[in-house]
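In this chain, residues are counted from 1 in sequence order. Order of listing sets the numbers, starting from 1, for every ligand and every atom in it.
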Amino acid sequence: ILKPTLTNAVLLCLLATAPVLQASNSEPDSTQSLYQQHCAACHGSDRIGVTGPALLPQNLGRLSEEDAESVIRNGRPATQMSGYDEVLSDNEITRLVDFIYSEPDNDLDWSPDAIKASHRVPNPADTLDPFPIYVADLMNLFLVVEKGDHHVTLLDGDRMEPITRFPTRFALHGGPKYSPDGRFVYFGSRDGWITKYDLYNLRVVAEIRAGINMRNIAVSADGEYVLAANYLPHTMALFDAEDLSLMEVIPAARPDDKASSQTSWHSLEYQDSIPQKMESSRVSAVYTAPPRDSFIAALKDIPEAWEIRVVDDEAQVRRMETETHLDDFFFDPDYQHLIGAARDGKQGHVIDLDTGDTVATLPLPGMPHLGSGITWEYEGRRVMATPHFRTGAVSIIDMQNWKVLKTLETEGPGFFMRSHENSRYAWVDVFFGPNSDKVHVIDKQTLEIEKTLQPAPGKTSAHVEFDRHGEKLLLSIWDDEGAVIVYDADTLEELKRIPMKKPSGKYNVWNKTQYEEGTSH
Ligand code: DHE
């Protein structure tokens, strides 16, 4: 039922598959047939999505049933999803909502053939002009993901003015990833679509669907490969970054032979189904490890972290057994260690990426959000800081001895933490609870809160990204009638508000491509 907004390039082809509106004078005898009659053309007869997104509980987790009902009734503005208020009865709409939030009857799979069939290349990179069609500092561009109506705004970071705004796939998640030169960007959506977009010509280059329920994507440090992490099916998918053609599907399953133990590199062959005796896992996320020329994968259901490298266009895997299930990774700047959050939400584990050994554990009660961690120099040593999902605290950790240096109390649990090498402040939001409209500014040298801002009372303010110079920053007012606020990073004065529809993450080309210490990678 939920139709996504789509990139310009695929819009035309979608019009050919617009929803079939048929008046239902009599109620169909089953919700299944109701679904097939009104929804299947766009969302797939098995609910895994076609031109519209997948309608499965795994993919709808971020949408309340109430909101889903409203979308069925009223449609989704600026998309192909029209309202069914005058087509379906109240009872039919309620039954459809129940249906799309129920577990599917069949096992869901997404084979390499299905991935290949979804591939399209509307604008091959070699047909596009190598120069930008606008004037701006290309290293100081920002992308702002607007969750409210599934769009992205491209901002000129010098003038803080929008250059363009374009529709995206439904429900992007995880940071968009840039090519090393910053010209192309790759977006990943929760229902598996990867879109390659040219920031010079403002066009979609290619798209492909990696899975049914995807977590995030990573681009290799040399810009050659894109790796996708899936919850459904239990796989990772490797693509050629040039046109997103599929190279390999990597099953996230423990091999059952001794030769492929955690000390050796080995390839994992995709089979139509994972043999029952093999233990498989959802893949929580994949990360690029530039100095290692590899990717690291977090597995949700197996107590292992995997390192993946591509040799002669083939993926090889090295498994690191961990003491417990680890999620949500942070890496030290030279990618010697990974810090993972233990599933019990009480500890961080530090793994030496060369040996695979756990070298330290950190007391981090309150479920640290390590993916949002940042580092800086403090009194001659490097510290990392992370907010927590469950407690109102920021933990500051000495990275030389892996001891907690300070636990800074905040006005509630936070989601994102950001800074910049040139700024004396680190920003952390209070994403959860009654104070979600507040944001703390922490002095990186006193380790105290310098100021607490409340830029839009009653509306969540969250997620900061600095410009390339560390002089200005953007903060999201996370609301359908929201905005990004531009602040002076030094005086903390508000400079400007740019209205946007539930802006979430913001991504500066320089900070991301240079692996700036104050932001995520
Ligand atoms: Fe995210 C990044 C996991 C819920 C917005 N989120 C990430 C990453 C991971 C992750 C592993 C890093 C990958 C990357 O950037 O490539 N997120 C999770 C979860 O496990 C969790 C808690 C539950 C879930 O259902 O997935 C979760 N995330 C959310 C949200 O509810 C947020 C606030 C809204 C949304 O869009 O769904 C959200 N996550 C984000 C954003 C980033 C992100 C904006 C990128 C941050 C950045 O600056 O890089």
Side-chain angles (χ1 to χ4, degrees), residues 57-64 142-148 150-152 168-178 185-191 194 210 213-219 226-232 236 282-289 295-300 305 325-331 338-341 343 345 367-374 386-390 413-420 427-432 436 460-466 473-476 478-479 482 484 501-508 511-512 515-516 518-521:
Q58 297 88 335
N59 300 63
L60 294 171
R62 323 303 305 164
L63 187 78
S64 70
F142 285 88
L143 289 170
V144 185
V145 173
E146 292 182 65
K147 278 174 66 66
H150 311 278
H151 276 63
V152 161
T168 68
R169 287 279 166 186
F170 181 79
L172 298 185
H173 181 242
K177 303 296 181 320
Y178 293 104
V185 62
Y186 302 83
F187 300 101
S189 76
R190 284 195 187 261
D191 60 356
I194 305 174
N213 185 213
M214 192 175 78
R215 299 289 297 163
N216 80 325
I217 54 171
V219 174
V226 177
L227 186 65
N230 287 324
Y231 260 8
L232 198 65
M236 284 168 264
R282 292 168 287 175
V283 184
S284 300
V286 286
Y287 307 85
T288 309
F295 297 100
I296 308 290
L299 301 189
K300 186 93 179 159
H325 292 85
L326 296 182
D327 224 341
D328 195 13
F329 290 172
F330 180 80
F331 299 90
L338 91 70
I339 302 98
R343 186 181 282 178
M367 193 171 254
H369 187 208
L370 293 168
S372 185
I374 56 170
T386 174
H388 294 255
F389 279 136
R390 289 203 198 125
F415 214 111
F416 301 106
M417 185 150 188
R418 288 289 177 270
S419 185
H420 189 285
W427 292 58
V428 66
D429 50 58
V430 183
F431 200 85
F432 305 97
S436 68
T460 298
S461 57
H463 194 283
V464 159
E465 174 83 338
F466 284 72
L473 58 94
L474 299 175
L475 169 71
S476 291
W478 201 284
D479 190 89
V484 289
K501 293 215 172 297
K502 204 182 248 188
S504 56
K506 289 138 336 268
Y507 309 89
N508 178 272
N511 293 345
K512 297 298 177 193
Y515 293 85
E516 216 288 325
T519 192
S520 62
H521 303 134

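Remark: atom 12 (C) of ligand 1 lies closer than 4.0 Å to no protein heavy atom. Within a 4.0 Å radius of atom 38 (C) of ligand 1, the protein contributes one or more non-hydrogen atoms.
Ligand 1 has an N or O atom lying under 3.5 Å from an N or O atom of His173, backbone or side chain. The shortest N or O to N or O distance between Ser284 and ligand 1 is not under 3.5 Å. Taking any N or O of His463, backbone or side chain, at least one lies under 3.5 Å from an N or O belonging to ligand 1. Where the criterion is an N or O separation shorter than 3.5 Å, residue side chain and backbone included, Gly174 fails it with respect to ligand 1.
Between the side chains of Ser520 and Lys512, at least one donor N or O sits under 3.5 Å from an acceptor N or O.
Between Lys177 and ligand 1 there is a heavy-atom distance shorter than 4.0 Å. Residue contact check for ligand 1: Phe329 places no non-hydrogen atom closer than 4.0 Å to it. In this structure, Arg190 has a heavy atom closer than 4.0 Å to ligand 1. Residue-ligand proximity: His521 is placed with every non-hydrogen atom at 4.0 Å or more from ligand 1. The closest approach between any non-hydrogen atom of Tyr231 and ligand 1 is not below 4.0 Å. Within the structure, ligand 1 has Arg418 among the residues with a heavy atom less than 4.0 angstrom away.
No donor-acceptor distance shorter than 3.5 angstrom exists from the side chain of His150 to the backbone of Thr168, with no hydrogens or angles considered. For Lys506 (side chain) and Phe142 (main-chain N/O), no donor-acceptor pair under 3.5 Å exists by modelled atom type.
Looking at atom 49 (O) of ligand 1, its nearest protein heavy atom turns out to be Ser520 OG, 2.5 Å.
The structure places CG of Asn216 at 8.0 Å from NE2 of His173, a figure rounded to the nearest 0.5 Å.
Within the 4.0 Å heavy-atom criterion, neither part of Lys506 lies near ligand 1.
Contacts of Arg215 classified as side chain to side chain donor-acceptor pair (under 3.5 Å), with partners at least two apart in sequence or in another chain: none. By the side chain to side chain contact (heavy atoms under 4.5 Å, CB included) test, Phe329 is found to be paired with Tyr287, Ile296, Ala298, Ala305, Leu326, Phe331, Leu338, residues two or more places apart in sequence or in another chain being considered.
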**Request:** Verify side chain to side chain contact (heavy atoms under 4.5 Å, CB included) between Tyr178 and Tyr186, making sure each step is shown before the conclusion.
**Result:** CA-CA 6 Å; Tyr178 293 104; Tyr186 302 83; over 6 Å; no
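By heavy-atom distance, the residue among Lys147, Arg215, Lys502 lying nearest atom 3 (C) of ligand 1 is Arg215.
No option in Lys300, Arg343, Arg282 other than Lys300 meets the salt bridge (charged side-chain N to carboxylate O under 4.0 Å, His left out) test with Asp327.
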